[in-house]
Amino acid sequence: MAAVIRKKIMGPPGTGKTHRLVHHYLNEEINNLHTDPKRIAYVTFSKAASLDGAKKIQEVFPGIELLYNDTLHAIGSRELGINTKTQLLSEAKWQQFKNVYPAYSDINFDSYVNDYGQTITKNKNLEVINFARAKEIPLEEACIQLKYHEGTVDIYRVQQLEHDIEYYKKKNNMVEFADMIKLFVDKEKHLNLDAIFLDEAQDLNPSQWRMYFHIEAQCKRSYIAGDDDQTIYAFQGADSKIFINLPGERDDQEKSYRVPKAVHREALKILPHISKRVSKKWYAKDEEGEFISNSHLSNLDFTKGEWMILATTNKLLKEFSEHFY
């Protein structure tokens with residue numbers, strides 16, 4: 001099989017990377033190369049990005065349905081034939097696990113998968129295990145990278161817990177969320193594709209990249225969009241270095257359609273402090289805009305215009321929610 005032709009669509013915030021993927025490259029595949037939509041996959045690591053991509057594709061190509069237009073986890077689950085209602089080790093099924101292994105009765109196994117495909121857990125033992133799986137590193141190294149110093153977790157207990165979870169899953173034909181990625185590669189699944197598209201690439205973890213490369217190797221063409229400066233899930237295992245070092249013909253998007261000049265000037269002050277990044281040209285949109293720092297909520301007039309409120313965590317959004325209520 002000939003080497004895959006890979007395009008890297010890179011660009012800072014608001015430069016239209018997804019637009020470029022759909023309006024140019026997907027259009028090229030469908031209308032110029034006449035690629036069968038059933039041999040095209042458009043994948044992301046998050047439900048949010050997947051839904052956004054699906055909406056754009058339907059707007060641009062009404063009536064066209066790609067065989068795969070989903071998250072990597074969803075594709076893995078589908079191809080492996082996993083019944084998530086009966087086979088996924090979650091919620092009440094964790095209680096059954098604790099009944100078999102009462103030594104873990106003190107552990108809170110409550111967890112959920114957020115819209116970005118990340119497994120969120122309240123227990124540090126499980127956090128170490130999930131982080132190690134995502135990064136494909138030993139549990140000891142996961143503790144170091146998570147900055148869990150000696151005494152934060154009992155590494156021997158974590159190792160035993162991982163062993164018991166794996167044994168329990170195998171014996172009871174159960175899986176966890178991470179297995180949808182790992183088993184897809186281990187069982188060498190094949191999708192019969194000509195082209196694959198990947199959006200928001202900067203937030204994939206090494207395990208997800210391994211699945212992507214496995215699929216990509218079976219394709220003729222690959223289109224990957226992302227921005228290493230916007231990597232926000234490193235704490236969950238995302239590794240922007242893989243995207244940074246990835247060979248491929250670059251198609252940089254430089255003009256922002258979202259970021260005004262005032263905000264752009266502040267953002268440029270931050271970029272030099274990012275140690276490992278790809279140098280990119282970035283131009284603000286034509287509007288001047290306004291940048292206000294350290295302002296109290298009561299000093300902002302929300303009665304005019306339209307607003308979008310962003311925060312790094314849900315906890316920080318609570319103050320906004322109570323203010324507006």
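Predicted, not measured: the structure shown is a model, and the values here were computed from it. Keep in mind that the numbers below use all heavy atoms, side chains included, and drop hydrogens, waters and symmetry copies.
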*Going through the distances and angles, do E216 and I224 end up as a side-chain contact (heavy atoms from CB on, under 4.5 Å)?*
CA-CA 11 Å; E216 184 192 55; I224 303 176; 3.9 Å; yes

*Is a salt bridge present between K261 and E288, judged by a nitrogen-to-oxygen distance below 4.0 Å?*
no

*Neighbour count above 12 (heavy atom, 6.0 Å) for K182 NZ*: no

*Is a donor on one side and an acceptor on the other found under 3.5 Å between the side chain of K8 and the backbone of L246?*
yes

_Please check: side-chain N/O of Q202 versus main-chain N/O of S240, any donor-acceptor pairing under 3.5 Å?_
no

*Starting at SG of C143, measure out to CD of E140 and round the result to the nearest 0.5 Å.*
7.5 Å

*Check: Y223 and L26 side chains under 4.5 Å, non-hydrogen atoms*: no

*If you look at every heavy atom in Q208 and N205, which pair is closest and at what distance?*
N-OD1, 2.8 Å

*Connected via hydrophobic side-chain network under 4.5 Å: L183 and I165*: no

*Please confirm whether the backbone N or O of P12 pairs with a side-chain atom of K17, one donor and one acceptor, at under 3.5 Å?*
yes

*H23 (side chain) donor-acceptor with V60 (main chain) under 3.5 angstrom*: no

_Determine whether the aromatic ring centres of residues F109 and F97 are separated by less than 6.0 angstrom._
yes

*Report the C-alpha distance between T71 and H73 in whole Å, list the side-chain angles of each, state the deciding distance to 0.1 Å, and finish with yes or no for side chain to side chain donor-acceptor pair (under 3.5 Å).*
CA-CA 5 Å; T71 65; H73 285 94; 5.1 Å; no

*Would the number of heavy atoms belonging to other residues, nucleotides or ligands and lying under 6.0 Å from CD of E59 be above 12?*
yes

*In terms of hydrophobic clusters joined by side-chain contacts under 4.5 Å, are V259 and L310 together?*
no

_Working note: E28 + N32, criterion side chain to side chain donor-acceptor pair (under 3.5 Å); need CA distance, chi angles, decisive distance, verdict._
CA-CA 5 Å; E28 176 80 7; N32 294 345; 2.8 Å; yes

_In one Ile/Leu/Val/Met/Phe/Trp/Tyr side-chain cluster, 4.5 Å: F177, I129_ = no

*Looking just at side-chain N and O atoms, do E200 and Y233 make a donor-acceptor pair shorter than 3.5 Å?*
no

*Within-4.5 Å side-chain heavy-atom neighbours: V22 and Y42*: yes

*Going from CG on L139 to CZ on R157, what distance comes out if it is rounded to the nearest 0.5 angstrom?*
14.0 Å

*Is the shortest side-chain N to carboxylate O distance from E266 to K269 below 4.0 Å?*
yes

*Below 4.0 angstrom, N of the basic side chain to O of the carboxylate: do D229 and R277 qualify?*
yes

*When rounded to the nearest 0.5 angstrom, what is the spacing between OH in Y257 and NE2 in H19?*
7.5 Å

*For the residue pair L89 and Q96, establish whether any side-chain heavy-atom pair is separated by less than 4.5 Å.*
no

*asked:* Set out, in order, the CA-CA distance, both residues' side-chain angles and the distance that settles side-chain contact (heavy atoms from CB on, under 4.5 Å) for L191 and F184, then state yes or no.
replied: CA-CA 11 Å; L191 298 186; F184 181 93; 4.0 Å; yes

*asked:* Any salt bridge linking K169 with E166? Criterion: basic side-chain nitrogen under 4.0 Å from a carboxylate oxygen.
replied: yes

*Taking every non-hydrogen atom, the tightest pair across T121 and N108*: OG1-O, 4.5 Å

*Start with the C-alpha distance between R78 and D70, add both sets of side-chain angles, then the distance that settles salt bridge (charged side-chain N to carboxylate O under 4.0 Å, His left out), and finish with yes or no.*
CA-CA 10 Å; R78 171 179 167 181; D70 220 323; over 6 Å; no

*So, do R221 and L33 sit near enough that their side-chain heavy atoms are less than 4.5 Å apart?*
yes

*So do the side chains of F131 and I137 get within less than 4.5 Å of each other, counting heavy atoms only?*
yes

*So Q253 and I9, side-chain contact (heavy atoms from CB on, under 4.5 Å) or not? Walk me through it.*
CA-CA 7 Å; Q253 309 302 297; I9 298 87; 4.0 Å; yes

*Exceeds 12 heavy-atom contacts within 6.0 angstrom, atom OH of Y167*: no

*Which heavy atom in W209 sits nearest to a heavy atom in A201, and how many Å separate them?*
CZ2-O, 3.4 Å

*Non-hydrogen side-chain atoms of F213 and V185 separated by less than 4.5 Å*: no

_From CA spacing to verdict: side chain to side chain donor-acceptor pair (under 3.5 Å), E29, T35_ = CA-CA 5 Å; E29 286 288 341; T35 306; 2.5 Å; yes

*asked:* Take a 6.0 Å sphere around NZ of K55 and say whether it holds more than 12 heavy atoms from other residues, nucleotides or ligands.
replied: no

*Output yes when a side-chain donor or acceptor of D164 lies under 3.5 Å from a complementary backbone atom of L161, and no otherwise.*
no

*Is a salt bridge present between K276 and D228, judged by a nitrogen-to-oxygen distance below 4.0 Å?*
no

*Going only through I, L, V, M, F, W and Y residues with side-chain contacts under 4.5 Å, is there a path from V175 to W94?*
no

*Check the surroundings of atom NZ in K38: do more than 12 heavy atoms from other residues, nucleotides or ligands lie under 6.0 Å from it?*
yes

*Decide yes or no on salt bridge (charged side-chain N to carboxylate O under 4.0 Å, His left out) for R20 and D252, but give the supporting numbers first.*
CA-CA 10 Å; R20 183 72 170 165; D252 286 14; over 6 Å; no

*Nearest 0.5 Å please: distance from the CD atom of Q218 over to the NE2 atom of H190.*
4.5 Å

*Distance-only, no hydrogens or angles: does the S256 side chain make a donor-acceptor pair with backbone N or O of P13 under 3.5 Å?*
yes

*How far apart are the closest heavy atoms of N69 and S50, and which atoms are they?*
O-OG, 3.7 Å

_Close side-chain approach of K93 and L88, heavy atoms under 4.5 Å_ = no

*Ion pair K135/E141, N-O distance below 4.0 Å*: no

*asked:* Just verifying a value: how many Å separate L21 CG and D251 CG, rounded to the nearest 0.5 Å?
replied: 9.5 Å

*Looking at NZ of K189 and NE2 of H214, how far apart are the two atoms once the value is rounded to the nearest 0.5 Å?*
9.5 Å

*Determine the minimum heavy-atom distance between D301 and K304, stating which atoms define it.*
OD2-CE, 3.4 Å

_Checking the side chain of D199 only, and the main-chain atoms of T18 only, is there a donor and an acceptor separated by less than 3.5 Å?_
no

*Can F243 be reached from Y25 by stepping across I, L, V, M, F, W or Y side chains whose heavy atoms are under 4.5 Å apart?*
no

*asked:* Let's go through R39 and L67 carefully: what are the C-alpha distance in whole Å and the side-chain angles of both, what is the deciding distance for side-chain contact (heavy atoms from CB on, under 4.5 Å) to 0.1 Å, and is it a yes or a no?
replied: CA-CA 7 Å; R39 295 183 66 85; L67 183 59; over 6 Å; no

*Going through the distances and angles, do N125 and Y104 end up as a side chain to side chain donor-acceptor pair (under 3.5 Å)?*
CA-CA 11 Å; N125 297 278; Y104 305 121; over 6 Å; no

*Which heavy-atom pair separates A134 from P206 by the least distance, and what is that distance?*
O-CD, 3.2 Å

*Do F324 and I309 come close enough that some side-chain heavy atom pair is under 4.5 Å?*
yes

